[in-house]
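What follows is a set of notes on a single structure, which appears directly below.
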Amino acid sequence: MLRVSYLASILLALLSFLYYHNLKPMPSLAAARAFNLAHVPTSYTPTAIFVGGTSGIGQGMAEAFARHTKGNASIILVGRNKAAAEAIIATFPKPTAPDVKHEFVECDITLMKNARRVAGELQARIPRINFLVLSPGVLTLDGRNETEEGIDRKLAVHYYGRWRFIRELLPSVEAAHAAGEDAKVMTVLAAGHGGAIDLDDLGLKKTFSLPNAARAAPTYNDIMVNDLAARYPGISFIHSYPGGVNTGLLKSSNSAALRYSRFLTPILSPFLYTVESAGEYQLHSLLKAGPGASRSNQRGEDIGLKTAYFGSEEAMKRLWKHTEEETAR
Ligand SMILES: NC(=O)c1ccc[n+]([C@@H]2O[C@H](COP(=O)([O-])OP(=O)(O)OC[C@H]3O[C@@H](n4cnc5c(N)ncnc54)[C@H](OP(=O)(O)O)[C@@H]3O)[C@@H](O)[C@H]2O)c1
Ligand SMILES: *[C@@H]1O[C@H](CO)[C@@H](O)[C@H](O)[C@H]1NC(C)=O
Ligand SMILES: *[C@@H]1O[C@H](CO)[C@@H](O)[C@H](O)[C@H]1NC(C)=O
C-alpha cells in the first residue's frame, strides 16, 4: 500500500512538473533541427559514441546525428541489447565516406571491469573521438543493490560507469581537440535536479535511500563535468537534463509498479518529448556547447551553476579520489 500511495504522489508531482517544464520548448523543434544540420562537422568525418544509444534519448541523439551527417560519420552504439542496436543502425543513412562504420559494441557498465575493458579497447583503436554521449539509465525502486564490485547498481549506471568510460576514452577526445576538431563529452541525466551530498558517505554505503540516490547521482554528474573541464581545458563537458521523454525507461524497469505505470503515458504524452524530439534537443545542446563545463536544461539553455549546484572544491577533490578508487577494482 505504501508503494501505491508513494507512486501516486510521484505521478502527480510528475504531471505538474512536466506540464510546467515541457509545454513550451524553446527553441522550436524545427529551429533545433536546422541548427543541428548546420553544425554537424563537414570539414572532417566525425566519430561519435553513444553509451546508452540502444534506446530512448541516446537512440534519438544517434539517429539525429546519423541523419544530419547523412551517414558520413563513424557511429558506435554501446549497450547490452545487440538486436536493438542493429535495428537502429539499419535505419541510418549508409556511409559513403571510406573507412566509416556504424557499429554496436556490447558493454554492461554496471561493472567497472567491463567499462575499463570496453572503453580501453575503443580508445586503443579509435585515434580521435569527437562526441562522447552517455545516457545509460535504469528505473527501479530497489534499495541498495550492490554488484560484486561493491557499487550500487543504479549509481554504477548513472555515474561510476560513465565516469570510468569517459576517463578511459579521454586520450582520444584530447587528440580530437589537438587536431582542431570537435571534442565534446555529454552526460544525460538530471542537471539542475540534484541535491546536497554527504562527503563522508560518497557512494551511499551507509545512508542509501532512493531519495538520497536521486539527489546524489545528478550532483556527482555535476561535479564530474566541472572537475573534468578544469583538468582538460578546451574540451566541452556537458551535463544535461532531457525533460520528460517518452522512452522505454518504464517498460524496462524491474519494478512491476513502474512497469505498469507506463500505461499512463498516453495521458502524459502531450507533456512528454518524443524520442525524436528529445534527440534533436539534446543534440542541439551538445553541438552548441562551447569549451569547458556546462549544465543544460531540456530546452538546451545553459543553467550555469546558479540552480541547484551542490559541488565545491572540496567535493571535487574527494569525489575524484573516491571514484578513481571505486572504479579501479
Ligand atoms: N526519459 C525521461 O523522461 C528521463 C527524464 C530525466 C532523466 N532521464 C535520464 O536519461 C537517461 C536515459 O534515459 P532513457 O529514458 O533514454 O532510458 P531508456 O530508453 O530506458 O534507455 C536506457 C539506455 O541505457 C542502456 N543501459 C541501461 N543499463 C545499462 C547497462 N547496465 N549497461 C549499458 N547500458 C545500459 C540501455 O541499453 P541496453 O538495454 O542495450 O543495455 C538503453 O540504451 C537515464 O539516465 C535517465 O535517468 C530520463
Ligand atoms: C560522404 O563522404 C564521401 C567521401 O568524403 C563523399 O564523396 C560523399 O559525397 C558524402 N556523402 C554525403 C551524402 O554527403
Ligand atoms: C539486485 O539486482 C539483481 C540484478 O538486476 C536482481 O536480480 C536482484 O533481484 C536485485 N536484488 C534486490 C534485493 O533488489
Side-chain angles (χ1 to χ4, degrees), residues 14 17-18 21-22 40-46 50-62 66-73 77-88 93-100 104-112 114-115 118-119 133-148 151-162 165 186-193 213-214 217-218 221 239-255 258 262 265 268-269 271-275 278-279 282 297-298:
L14 194 72
F17 183 75
L18 293 173
H21 272 273
N22 281 10
V40 289
T42 47
S43 59
Y44 65 95
T45 306
F50 298 90
V51 181
T54 56
S55 172
I57 299 155
Q59 170 186 352
M61 290 183 76
R67 270 196 308 275
H68 295 310
T69 54
K70 298 174 182 68
N72 263 352
L77 306 183
V78 180
R80 295 162 303 175
N81 191 337
K82 182 172 191 224
E86 284 172 347
I88 294 163
K94 299 287 161 282
T96 46
D99 304 321
V100 171
F104 168 68
V105 169
E106 191 188 339
C107 184
D108 179 345
I109 67 159
T110 340
L111 288 179
M112 300 308 120
N114 294 344
V118 174
V133 176
L134 306 103
S135 64
V138 287
L139 202 57
T140 165
L141 296 177
D142 286 355
R144 185 176 179 84
N145 186 344
E146 283 189 4
T147 65
E148 67 200 44
I151 297 179
D152 171 65
R153 288 173 197 279
K154 192 156 25 130
L155 290 175
V157 172
H158 291 162
Y159 171 66
Y160 293 94
R162 297 183 187 205
F165 224 88
M186 179 170 184
T187 177
V188 180
L189 189 67
H193 297 272
N221 274 265
H239 176 199
S240 80
Y241 169 69
V245 188
N246 196 353
T247 67
L249 203 55
L250 286 172
K251 194 175 173 185
S252 60
S253 177
N254 70 353
S255 146
L258 287 180
R262 79 179 185 277
T265 47
L268 293 174
S269 63
F271 311 116
L272 294 173
Y273 293 111
T274 60
V275 162
Q282 294 302 301
N297 65 15
Q298 67 278 20

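Along the sequence shown, residues are numbered consecutively beginning with 1. One-based numbering, in listed order, for ligands and for the atoms of each. Computed from heavy atoms alone, side chains included, the values below leave out hydrogens, waters and symmetry copies.
Side chain of Asp152 to main chain of Asn145: a donor-acceptor pair is present (N/O by atom type, distance under 3.5 Å, no hydrogens or angles).
Closest non-hydrogen pair, Ser253 versus Leu139, comes out as OG-O, 2.6 Å. The nearest pair of heavy atoms linking Leu77 to Ala62 is CD2-CB, 3.7 Å.
Under 4.0 Å from any atom of ligand 2, one finds heavy atoms of residues Lys70, Asn72, Thr96, Ala97. Contact shell of ligand 1 (protein heavy atoms, cutoff 4.0 Å): Gly52, Thr54, Ser55, Gly56, Ile57, Gly79, Arg80, Asn81, Cys107, Asp108, Ile109, Thr110, Ser135, Pro136, Gly137, Val138, Val157, His158, Arg162, Val188, Leu189, Tyr241, Pro242, Gly243, Gly244, Val245, Thr247, Gly248, Leu249, Ser252.
Geometrically, ligand 3 and Asn254 share no nitrogen or oxygen pair separated by less than 3.5 Å.
Looking at Thr54 and Asn81, their side chains never bring a donor and an acceptor atom within 3.5 Å of each other. Asn246 and Ser269 are not linked by any side-chain donor-acceptor pair at a separation below 3.5 angstrom, with hydrogens and angles left out of the test.
By the salt bridge (Lys or Arg N to Asp or Glu O under 4.0 Å) test, Glu86 pairs with Lys82, sequence neighbours left out. Partners of Arg153 according to the salt bridge (Lys or Arg N to Asp or Glu O under 4.0 Å) rule, which considers only residues two or more places apart in sequence or in another chain, do not exist here.
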Apply side-chain contact (heavy atoms from CB on, under 4.5 Å) to the pair Lys154 and Asp142, showing each step before the final yes or no. CA-CA 9 Å; Lys154 192 156 25 130; Asp142 286 355; 6.0 Å; no
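Between Val51 and Arg162, the closest side-chain pair of non-hydrogen atoms is not below 4.5 Å.
Among Val245, Val133, Ile57, the one residue that satisfies the side-chain contact (heavy atoms from CB on, under 4.5 Å) test with Gln282 is Ile57.
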